[in-house]
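Below is one structure, written out as structure tokens; comments come after it.
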Amino acid sequence: MSTGSGADSAPAPATHDTPVRTDSRKPSMFSSLKVRNYRLFFTGQVVSNTGTWMQRIAQDWLVLSLTGSATAVGITTALQFLPMLLFGLYGGVLVDRLPKRKLLFFTQTAMGLTGAALGVLTLSGHVQVWHVYLTAFLLGLVTVVDNPARQTFVSEMVGKEQLANAVSLNSANFQSARLVGPAVAGVLITAVGSGWAFLLNGLSFLAPMAGLALMRTAELYKVERAPRGKGQLKEGLKYVAGRPELIWPIVLVGFIGTFGFNFPIWLSAFVDDVFGGDAGTYGLLNTLMAAGSLAGALLAARRATSRLRLLVGAALAFGLLEIVASFAPTFWLFAALLVPLGMLGLTVNVTANSSVQMATDPIMRGRVMALFMMVFTGGTPVGAPLVGWITDTYGARIGFAAGGLIAALAAGTVGLILARVGGLRLKVGMHHGHPQVRFVPRDRLATAA
């Protein structure tokens, strides 16, 4: 397999997780992009992420057009994430064992082929809803390996010191594409139909494949791979279960991902049933949410560390704002609230992702991140049909509010658990004449008493 400027047999740094180059300066917002390999990866992902967002919008709108049902949109989403729920942990075991760059060549090729196949079916006029269901499921199977491989390959490109910054920039990359993809998809769907959006998404995967081929493997950070052996899946679960700084953020993002991130269902229902819009309106709402998400990602890139209290606070605010947005009386107020919703949702995702990766031993990172992605996206097969049913039965506003309520309750509960584990207690009092609620060490409360 040609690499363009380096061979797979090229020598890697000899020291475990030791960088090729070191820089003692505090990372800037875009410091990871100074690393050539990551820059190639980032550029390829900009193109493929744009295509992915085009397909997401086109897929949801196609299913809604074929069936007229928010439940059917939920089923499509569920099928796409069901493989992660069923096989996600096994994907993490593979990622810990195998060279991630080669693995990504395979997964990116397969994902491109699924998009191209759906494009051909749609353009030929033979597409049926079960074709979309099948394509979504196959894409989900590939994602089982692709997701943890992409997440953990970042550390091999930039090292531990730049990891938090690179994770944030990955999210900024994804959200930047989310600004462009839905808008392009809306134009394409209106002008020539969904098929071209699917076909262009398939072609977009040529970009990350080229980026992977051009990488200099000698400049990748050496990370120990797990040998073949029995019980590695169980070993990963035991590793996470014994660390509160891992298990509770993963539990929280599980609830948020399962019940709070069903925007394809809610936004399509709001456009179709509440505001009477079209595909262009749906694309606009997704673009506004992406703008907020991009702002959240860039702010996260400026932070050198990821704190669990930020994760809990952002998750709580995210759930409460979903409830507020669900009862927005006008279209433009609803649309405006999607911007801070996107910012808070992205903050939850990036903070949880980077804090979990940085707290994990590199040899376990594939399995831990597979578990992270499994609960974050793998819960969708449970949450999406349920949320779709609530939305169909009781209306878009009640469905949206229900998701926000569950997210807020989960954030509050996990926050209290983490506070207790960390030896903190809730203190309610007055500060400079104003009521204040905060966590303080237990011994401070005892001294005050």
Are [X] and [Y] close enough that some pair of their side-chain heavy atoms sits under 4.5 Å apart?
X      : Y      : answer
Met289 : Val339 : no
Leu138 : Val142 : no
Ser204 : Asn201 : yes
Phe153 : Leu212 : yes
Tyr90  : Val145 : no
Pro340 : Leu321 : yes
Thr152 : Lys100 : yes
Asp96  : Val93  : no

Give, for atom [atom1] of [X] and atom [atom2] of [Y], the distance between the pair rounded to the nearest 0.5 Å.
X      : Y      : atom1 : atom2 : value
Thr50  : Leu200 : OG1   : CG    : 11.0 Å
Ser48  : Leu206 : OG    : CG    : 10.5 Å
Met111 : Leu104 : CE    : CG    : 10.0 Å
Glu245 : Thr360 : CD    : OG1   : 8.0 Å
Met215 : Arg101 : CE    : CZ    : 7.5 Å
Leu267 : Asn262 : CG    : CG    : 10.5 Å

Salt bridge present between Arg36 and Glu219 (N-O < 4.0 angstrom):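 Salt bridge: no.
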Considering all heavy atoms, the nearest [X]-[Y] contact:
X      : Y      : value
Val144 : Phe87  : CG1-O, 3.3 Å
Ala411 : Val312 : O-CG1, 3.5 Å
Leu311 : Val348 : CD1-O, 3.5 Å
Thr76  : Gln59  : CG2-NE2, 3.5 Å
Val154 : Ala166 : CG1-CB, 3.4 Å
Ala315 : Leu252 : CB-CD2, 4.0 Å

Quick check: does any side chain N or O of [X] sit under 3.5 Å from a backbone N or O of [Y], one acting as donor and the other as acceptor?
X      : Y      : result
Thr258 : Phe255 : no
Gln80  : Ala136 : no
Arg39  : Leu33  : yes

[X], [atom1] atom: more than 12 neighbouring heavy atoms under 6.0 Å:
X      : atom1 : result
Tyr282 : OH    : yes
Phe137 : CZ    : yes
Arg243 : CZ    : yes
Phe106 : CZ    : no

is_close_aromatic(Trp266, Phe263), centroid dist under 6.0 Å: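 Yes, ring centres under 6.0 Å apart.
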From CA spacing to verdict: side chain to side chain donor-acceptor pair (under 3.5 Å), Tyr38, Asn170: CA-CA 10 Å; Tyr38 180 70; Asn170 275 357; 2.8 Å; yes
Tell me whether the rings of Phe334 and Phe270 are parallel (<30°), tilted (30 to 60°) or perpendicular (>60°).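 Parallel, since the angle between the ring planes stays under 30°.
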Residue pair Thr109, Phe205: steps toward the side-chain contact (heavy atoms from CB on, under 4.5 Å) verdict: CA-CA 7 Å; Thr109 301; Phe205 283 93; over 6 Å; no
Hey, are [Y] and [X] close enough side-chain-wise for a donor-acceptor pair under 3.5 Å?
X      : Y      : value
Tyr221 : Asn37  : no
Asp146 : Gln108 : yes
Ser268 : Asp60  : no

So among Leu310, Val356, Leu346, which one has a side-chain contact (heavy atoms from CB on, under 4.5 Å) with Thr351?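 Exactly one pass, corresponding to Leu310.
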Sole candidate of Asp392, Thr391, Thr393, Val387 that passes side-chain contact (heavy atoms from CB on, under 4.5 Å) when paired with Trp389: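 Of the listed residues Asp392, Thr391, Thr393, Val387, the side-chain contact (heavy atoms from CB on, under 4.5 Å) partner of Trp389 is Thr393.
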Audit row: Leu405, Phe259, side-chain contact (heavy atoms from CB on, under 4.5 Å) steps and yes/no: CA-CA 9 Å; Leu405 178 62; Phe259 300 104; over 6 Å; no
Going through the distances and angles, do Trp130 and Leu134 end up as a side-chain contact (heavy atoms from CB on, under 4.5 Å)? CA-CA 6 Å; Trp130 72 266; Leu134 177 61; 4.1 Å; yes
Working for side-chain contact (heavy atoms from CB on, under 4.5 Å), residues Leu62 and Val132: CA-CA 9 Å; Leu62 176 62; Val132 186; 3.9 Å; yes
